[in-house]
> 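Dropping the structure in here first, questions after.
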Amino acid sequence: MNTARHLVWLRADLRINDNTALAAACADKDAAVACVYAITPVQWQQHDVAGIRVDFELRTLRALEKSLDQLSIPLLIIQTDDFSGIPDALSRLCEKHQITAVHCNIQYEVNELARDAAVKQALASKGVTFHSHHDQCAVTPGTVLTNDGRFYSVFTPFKRNWLARLEAGAIRLLPIPIRRRHRFAESDNIPAAIKGFDSHVTSDITLSWWPAGEEAALERLTSFVEHGLKRYDEQRDFPELTDNDGVSRLSPYLAAGSISARQCLNAAFNYRHQHGSTKGVEQWISEIGWRDFYKHVMVGWPRVCKHRPFRLETAHIPWRHDENDFQRWCDGQTGFPLVDAAMRQLRQTGWMHNRLRMVVAMFLTKDLFIDWRWGEKFFMQHLIDGDLSANNGGWQWSASTGNDAAPYFRIFNPVLQSERFDPKGNFIREYVPELQDIRDKSIHQPKPSLLSLYPEPMVDRRMVKDRVLSHFRNLPSLTA
DNA sequence: AGACTCTTCAT
DNA sequence: TGAAGAGTC
Ligand SMILES: Cc1cc2nc3c(=O)[nH]c(=O)nc-3n(C[C@H](O)[C@H](O)[C@H](O)COP(=O)(O)OP(=O)(O)OC[C@H]3O[C@@H](n4cnc5c(N)ncnc54)[C@H](O)[C@@H]3O)c2cc1C
């Protein structure tokens, strides 16, 4: 008798726990199942995927291959330059192995949706069915709507509705599928590296901060829930507490899909059930809410995928395109210690603390008045957790071009932010060795010195607010 | 998820 | 002299 053969196309869901597409493909206990992953270097280049993110993903795949093997599910690899080659590559794969159904979890970005539509069509012409599942968000985009049936553009009411939906029923995590009885292929080799995507981060930091795979993700979650969750609200704004579980550092695992947002929420809800609610738990649940929120916004307003501002009236703001100033920001040579420490953290570790992402993004877009899209791109090129919706959301928040963004007149002062959130200068000293010997408060704004290698502040903050106001003050109000 | 200035009122 | 609150952007 012929057993059914199903394919799971893995993308941003590199796990066997709580994976909707994988579970669907395995629902038929007798079906033989294979997974496939597509390497698309030219597309990645166009999407500014960071080398360290590719490296992380390849390492994740190696761990995943082992756990899939336990289920008697091979992991296949296809490679095409960009998305346009995928319909053909998948069709041929299905033909070769007589696969009749392909499952995947939806990615909501514009290019990814177009890619999937083309794949569906190509497969249909070969008699192969294509099933795309909602999986990435804790609550499915399009199902959290305002009373008049529109997507929320403001977080607070969104969150109220979103949370009510989650709390209405228990979160049910999908189990690991049972082992297959039949196997129709062997796993392909997973390349150790992809040309053009070298990680900019040293291997010792990579190994200590970013162990890859599902198990590593679950360990990170467990450690954070145990040590950080309760006091998250008090610790989350202090970058120096990162190594003490001040924040979860789960973002790369969520971006690669080594862990699901549902698994994270489930852990938080369980903790709340056992130990009672704290501000910390509620705040962290809220952060997972932001992740869902920005994905929902992207579905409701796809223009944010296309370098366009959410607030259309800000489309013609004459942002500066000054290469030299931009380069100093990229290099962490602005002369503002906290900004520079943050940018160097990004380059040294592939990650940056949330408070600092806001500080450096606000500095680039407001103090330097440089185009937020330049910063968005640079972040994508260096972040291990680079994610279009969260990154775009964060940049448009900072630039005041987004939905529910920072009001244009509410500009961070990087020196005050430094005094408040790195009071002892511990974080600055960790990443800016030139300032290592400054032990007192002056580290937030070092006195200019001819002997110092550290640069003087690159901008006179007294003119910053006037410039921003002059461009934002008289914007027409457009809606769409 | 701010910063700044000005006023008031208690030392 | 400065803490606290209000108003402004
Ligand atoms: C300018 C800017 C750019 C950003 N770019 C990205 C990005 O490319 N990828 C990314 O995952 N996050 C991005 N963020 C959001 C946030 O900074 C990171 O998710 C967070 O710092 C990751 O650290 P963590 O896992 O320890 O977070 P935690 O504080 O432990 O939060 C848990 C999880 O909640 C989610 N989350 C938290 N805050 C946000 C947020 N503001 N928006 C969306 N999701 C959030 C993340 O998935 C995170 O892993 C950006 C923020 C800003 C201001």
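Source: prediction; values computed, not measured. Chain letters run A, B, ... following the sequence lines, proteins first and then strands; every chain starts at 1.
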> Residues two or more places apart in sequence or in another chain: which of them pass ring pair (Phe, Tyr, Trp, His ring centres under 6.0 Å) with A:Y108?
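Counting only residues at least two positions away or on another chain, A:Y108 forms a ring pair (Phe, Tyr, Trp, His ring centres under 6.0 Å) with A:H134.
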> Could you tell me which residues satisfy ring pair (Phe, Tyr, Trp, His ring centres under 6.0 Å) with A:H131, sequence neighbours excluded, listed by chain and number?
A:H103
> Strictly below 4.0 Å, heavy-atom distances to any atom of DNA chain B: list the hits from residues 239-248 of chain A, or just say none.
none
> Please list, chain by chain and in numerical order, all residues satisfying ring pair (Phe, Tyr, Trp, His ring centres under 6.0 Å) with A:H296, sequence neighbours excluded.
A:F158
> So if I apply the side chain to side chain donor-acceptor pair (under 3.5 Å) rule between A:Q107 and each of A:E112, A:R115, A:Q136, which one comes out positive?
A:R115
> How about CD on A:Q46, more than 12 heavy atoms from neighbouring residues, nucleotides or ligands closer than 6.0 Å, or not?
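Enclosed: over 12 neighbouring heavy atoms sit under 6.0 Å from CD of A:Q46.
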> Could you tell me whether the side chain of A:T140 and the main chain of A:T143 form a donor-acceptor pair under 3.5 Å?
no
> What is the 5' to 3' range of DNA chain B, first to last nucleotide, that sits under 4.0 Å from any heavy atom of chain A?
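First and last nucleotides in contact are B:dA1 to B:dC4.
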> Under 4.0 Å, counting only non-hydrogen atoms across every strand here, what does A:R473 touch: a base, just sugar-phosphate, or nothing?
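Counting heavy atoms under 4.0 Å across all strands, no contact is made by A:R473.
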> Do A:H133 and A:I106 come within less than 4.5 Å of each other through their side chains, counting heavy atoms only?
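Of all side-chain heavy-atom pairs linking A:I106 with A:H133, none is under 4.5 Å.
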> Which residues pass the ring pair (Phe, Tyr, Trp, His ring centres under 6.0 Å) test with A:F369, not counting sequence neighbours?
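With sequence neighbours excluded, A:F369 shows a ring pair (Phe, Tyr, Trp, His ring centres under 6.0 Å) to A:W319, A:H471, given in chain and number order.
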